[in-house]
Amino acid sequence: MQIYNSLNRRKEEFIPKDPGKIGIYACGVTVYDLCHIGHARSLVVFDVIYRYLKYRGYDVTFVRNFTDIDDKIINRSNERGVSWKALAEQYIDEFYVDMDRLGLLRPTYEPRATDHITEIIDLVEKLEEKGLAYAVDGDVYYRLQNFKGYGKLSGKNIDDLLSGARVEVDDRKESPLDFALWKKSKAGEPSWDSPWGEGRPGWHIECSAMSQKFLGDTFDIHGGGKDLIFPHHENEIAQSEGASGKPLAHFWVHNGFVNIDQEKMSKSLGNFLTIRELLEDCHPEVLRFFVVSSHYRSPIDFSTENVAVAAASLERLYQSLDRLLRTAAGTAAETSSMDEKINFWRQEFIAAMDDDFNSAAACAVLFEVSKEVNRWLDADVSQNDKPEAASCIARFLREIGAPLGLLQEEPQAFLQRGGGSDGELTATEIEALIVDRSTARTERNWAEADRIRDLLDEKGIILKDSADGTQWQRKH
RNA sequence: GGCGCCAUCGCCAAGUGGUAAGGCAGAGGUCUGCAAAACCUCCAUCUCCGGUUCAAAUCCGGAUGGCGCCUCCA
């Protein structure tokens, strides 16, 4: 398996530290607001990686943290007059709502920063002992000059950073680039007792402390969005490797951004769309398909048109799955005459995903299967085990859809599920109209039949007449 | 100013040396009462200019055009 390693800026053969086992740490969210679609992409990307590595038979330990204390949380809790704790709890709950709707697997561990104050303090003390940290008036800073190799992940060097100098000057720091490991708390702020007085952790230290606790000094993959490379991940390396003297992660994996209409989406630009808003009229699997149909490192441009394309594409796959399940008609066979074909497709899928999680190429395999299946079903060949073969292919489609989080719904449920907006016809109403239309059709009253079909079409319902009756689905 | 990424059909998007995957849209056809879905056929030489090579979208140099990080950020 090849994975692109941000550390060396090239694809490298991936070999787990311990055979058969993989440890992954992905930086999670700061819980002070609802998640936006940029978070969704990152979450989906690492969910796919997690699922796929498990699919390949690895014993995966996946850790994703919650940052539940920081400036933004404190500020917002003050604005709203609620405690930082209540605010964090609220948004952790909201996070789970979105996560479940997106069908994200729960990581093995989801540690919170404030549950690891002891570990954080221990780590800061260790850095202090090693001369890599110094305390000033209750604050503790990282002493960058004493760490060799700062900048190896982001490709920056200390001199350039100093001359770039958009760093605020703080006389108490030995160097402008030294960053906070522990922050002295101001009056009224949340704080924990420490050797340096009442305070709270700095921005980066939690990830070093928690990854060490759950995955050890060195683990296989560390991930996050590209924007975390500097300074967050760079500082994590300084902290963790400074303390342990060992490499933090063998592979660094970073996902690309989500742009909205060609522009970077960010909090500061205010052009972000929350997962919740999007899911009001977009099926969660459509969002997943949208994410997975591009390579995880490329930027993706979010727009209504692009999501519509994703919906149309996914629908095609579900149409095939639907046909397969109808043909199988409840048959559940273990093997069939299609086994060889299925195995060939499986190898194609694995080859795509083994190449740096090339989910876009993997999607092409899904479409290839879909195409061949439709052709096969259309041909109406007399084949002894057609239902058995259909059930095997259907199961296989779901097997390779699973790592991507696709095709896990019942086709009818997916196809008949609308955008979710109000004013739509219920299934019962639709089916009543279909009965009326069928009556008209048997009477060869085409005008009436078409009137009903047009009526349904206006409501976003599409009909499909076939030998065994009329199927319906909603436009997505 | 420093560091880095990208540029493939109308749109989305794979492809890192051997002669352009896939999806959406479009054109024609089959099927259908008509449709829808599906199937068949058609639909790009890879921003530009040089170079390396028997061979380049793929490597090197340059140009142009996008973008990111250097500040909170997935």
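Side chains included, hydrogens not; waters and symmetry mates left out as well; all remaining heavy atoms used. Below, read A as the first sequence line, B as the second, and so on, with proteins coming before strands; counting in each chain starts at 1. Bear in mind the structure is a predicted one, so any value in this text is a computation, not a measurement.
Side chain Asp450(A) to base rG33(B): a donor-acceptor pair is found below 3.5 Å. If you check distances only, the side chain of Lys226(A) never reaches the base of rC5(B) with a donor-acceptor pair under 3.5 Å. Taking only distance into account, the side chain of Arg453(A) meets the base of rA35(B) through a donor-acceptor pair shorter than 3.5 Å. Interface remark: the Arg9(A) side chain does not form any donor-acceptor pair with the rG4(B) base, using a distance-only criterion of under 3.5 Å. Side-chain atoms of Asp465(A) come within donor-acceptor range of the base of rC34(B), with a qualifying N/O pair under 3.5 Å.
A side-chain N or O of Glu431(A) and one of Trp472(A) form a donor-acceptor pair less than 3.5 Å apart.
Residues Arg41(A) and Phe289(A) both approach RNA chain B. Their nearest nucleotides, taken by heavy-atom distance, put Phe289(A) toward the 5′ side.
rA21(B) and rC60(B) have their P atoms separated by 24 Å, with the value rounded to a whole Å. Nucleotides rC34(B) and rC11(B) place their P atoms 36 Å apart, quoted to the nearest Å. The same atom, C1', is picked in rC49(B) and in rA57(B); the two are 16 Å apart, to the nearest Å. Comparing the P positions of rC39(B) and rC24(B) gives a spacing of 9 Å, expressed to the nearest Å. Rounded to whole Å, the separation between the C1' atoms of rG10(B) and rA44(B) comes to 11 Å.
In the set rU16(B), rA14(B), rA38(B), the nucleotide with an atom closest to the side chain of Arg316(A) is rA38(B). Here rA74(B) is the nucleotide among rC3(B), rG23(B), rA74(B) with the atom lying nearest to any side-chain atom of Phe257(A). For Trp446(A), counting side-chain heavy atoms from C-beta on, the closest listed nucleotide (rC39(B), rC11(B), rG33(B)) is rG33(B). Among the nucleotides rG33(B), rC69(B), rA14(B), the one closest to any side-chain atom of Lys156(A) is rC69(B).
Side chains of Val258(A) and His36(A) form no contact here, defined as non-hydrogen atoms less than 4.5 Å apart.
Between Phe290(A) and Phe302(A), the ring centre distance stays below 6.0 Å.
A distance-only check finds a donor-acceptor pair linking the side chain of Arg288(A) to the backbone of Leu102(A) [under 3.5 Å].
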